[in-house]
Amino acid sequence: MKPQVVFVLGGPGAGKGTQCSKIVEGFNYTHLSAGDLLRGERARDGSEFGQLIDSYIKDGKIVPVKITINLLSKAMEETMQKDEKKFRFLIDGFPRNEDNLQGWKDAMDGKADVKFVLFFDCSNEVCIDRCLERGKSSGRTDDNRESLEKRIQTYLLSTRPIIEQYEKLGKVRTVDASRSVDEVFADVKAILEKEG
Ligand code: UDP
Ligand code: MG
């Protein structure tokens, strides 16, 4: 079975990770956060990319796709090798720019199906407030005002155009993510039940 993929996109702090955790409780999906995979690689002893990843994340820039796609495809392969019925994936926080999208196409066209994009739509103000709140305990090096301004710029300039491309293909399912976790999840659930 080919991997069936839902890309999960939205600004920093839009709630992608939170909602993905709730999805996997009730649906047969595996959650892969590109950001978490990169942070894992950054922390891995002997990683040749640790420094690079660290500086890109602090700067709110997008890591070269070769690194990210390797981590994603390895995680998908490992999941499916352990259990062949686990071929549905939520890929959270990817693709974030043209380089990411091209890298995905080069590596995955014909090998995985992108079913749709789940888009958590949220104002920049709400995104910033949530990340600053999260920053009090997240320990993340990029949940501070300086990094956040750069992350929002990257999101607006690089990620929104990717969402628009999928929009033109009729592949975006948009959720108003400025509401409470449970209200947002009610919409997410309805979308997933409909899409199967
Ligand atoms: N990142 C990246 N490529 C990806 C995903 C994440 O380079 O495909 C980097 C980027 O610097 C981003 C950071 O990791 O700003 C944090 O991403 P994450 O998805 O964890 O942030 P969130 O959107 O969940 O707040
Ligand atoms: Mg996240």
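Predicted model only: the values in this text are computed from it and were never measured. Heads up: numbering here begins at 1 and tracks the sequence. In listed order, ligands and their atoms are each counted from 1.
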**Asked** Heavy-atom distance under 4.5 Å between the side chains of Asp187 and Asp176, does that happen here?
**Response**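 No - every pair of side-chain heavy atoms lies 4.5 Å or more apart.
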Part of [X] with heavy atoms under 4.0 Å of ligand 1, whether side chain, backbone, both or neither:
X      : value
Asp92  : neither
Arg134 : side chain
Thr68  : side chain
Asp142 : side chain
Thr154 : neither

Considering only heavy atoms of [X], which atoms of ligand 1 have at least one such atom less than 4.0 Å away?
X      : result
Gly35  : 5 (C), 6 (C), 20 (O)
Pro12  : 23 (O), 25 (O)
Val63  : 2 (C), 7 (O)
Ala34  : 4 (C), 5 (C), 8 (O)
Gly93  : 4 (C), 5 (C), 8 (O)
Asn100 : 8 (O)
Ile62  : 3 (N), 7 (O)
Gly13  : 25 (O)

So, are [X] and [Y] salt-bridged, with charged N and O less than 4.0 Å apart?
X      : Y      : result
Arg173 : Glu195 : yes
Glu193 : Lys189 : yes
Asp182 : Lys22  : yes
Asp113 : Lys2   : yes

**Item:** Distance-only polar pair, side chains of Asp143 and Ser138, donor-acceptor under 3.5 Å
**Value:**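 A donor-acceptor contact under 3.5 Å links the two side chains.
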Can you pull out the closest protein heavy atom to [atom]? Residue, atom name and distance to 0.1 Å, please.
atom                    : answer
atom 21 (O) of ligand 1 : Arg140 NH2, 3.1 Å
atom 3 (N) of ligand 1  : Leu38 CD1, 3.5 Å
atom 23 (O) of ligand 1 : Lys16 NZ, 2.6 Å
atom 14 (O) of ligand 1 : Ile57 CG1, 3.6 Å
atom 25 (O) of ligand 1 : Arg151 NH2, 2.7 Å
atom 10 (C) of ligand 1 : Lys61 O, 3.3 Å

Main-chain N/O of [Y] paired with [X] side-chain donor or acceptor, under 3.5 Å:
X      : Y     : result
Asp59  : Lys61 : no
Arg151 : Gly60 : no
Ser55  : Leu52 : yes

**Message:** Under 3.5 Å between any N/O of Arg39 and any N/O of ligand 1: does that happen in this structure?
**Reply:**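 For ligand 1, there is an N or O atom that lies under 3.5 Å from one belonging to Arg39.
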**Request:** Sort out for me which residue in Val114, Ile163, Leu118 forms a side chain to side chain contact (heavy atoms under 4.5 Å, CB included) with Phe7.
**Result:** Val114
**Request:** Name all pairs fulfilling the salt bridge (charged side-chain N to carboxylate O under 4.0 Å, His left out) condition that reach into residues 87-102, sequence neighbours left out, sorted by first residue then second.
**Result:**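 Listed once each, the pairs would be none.
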**Message:** Heavy atoms only: which of Lys150, Arg96, Arg130 lies closest to atom 12 (C) of ligand 1?
**Reply:**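 Nearest option to atom 12 (C) of ligand 1, by heavy atoms: Arg96.
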**Message:** Using the rule that Ile, Leu, Val, Met, Phe, Trp and Tyr join whenever any side-chain heavy atoms are under 4.5 Å apart, tell me whether Phe119 and Ile162 fall into a single cluster.
**Reply:** yes
**Asked** Are Phe27 and Leu32 connected in a single hydrophobic cluster, I mean Ile/Leu/Val/Met/Phe/Trp/Tyr linked by side-chain heavy atoms less than 4.5 Å apart?
**Response** no
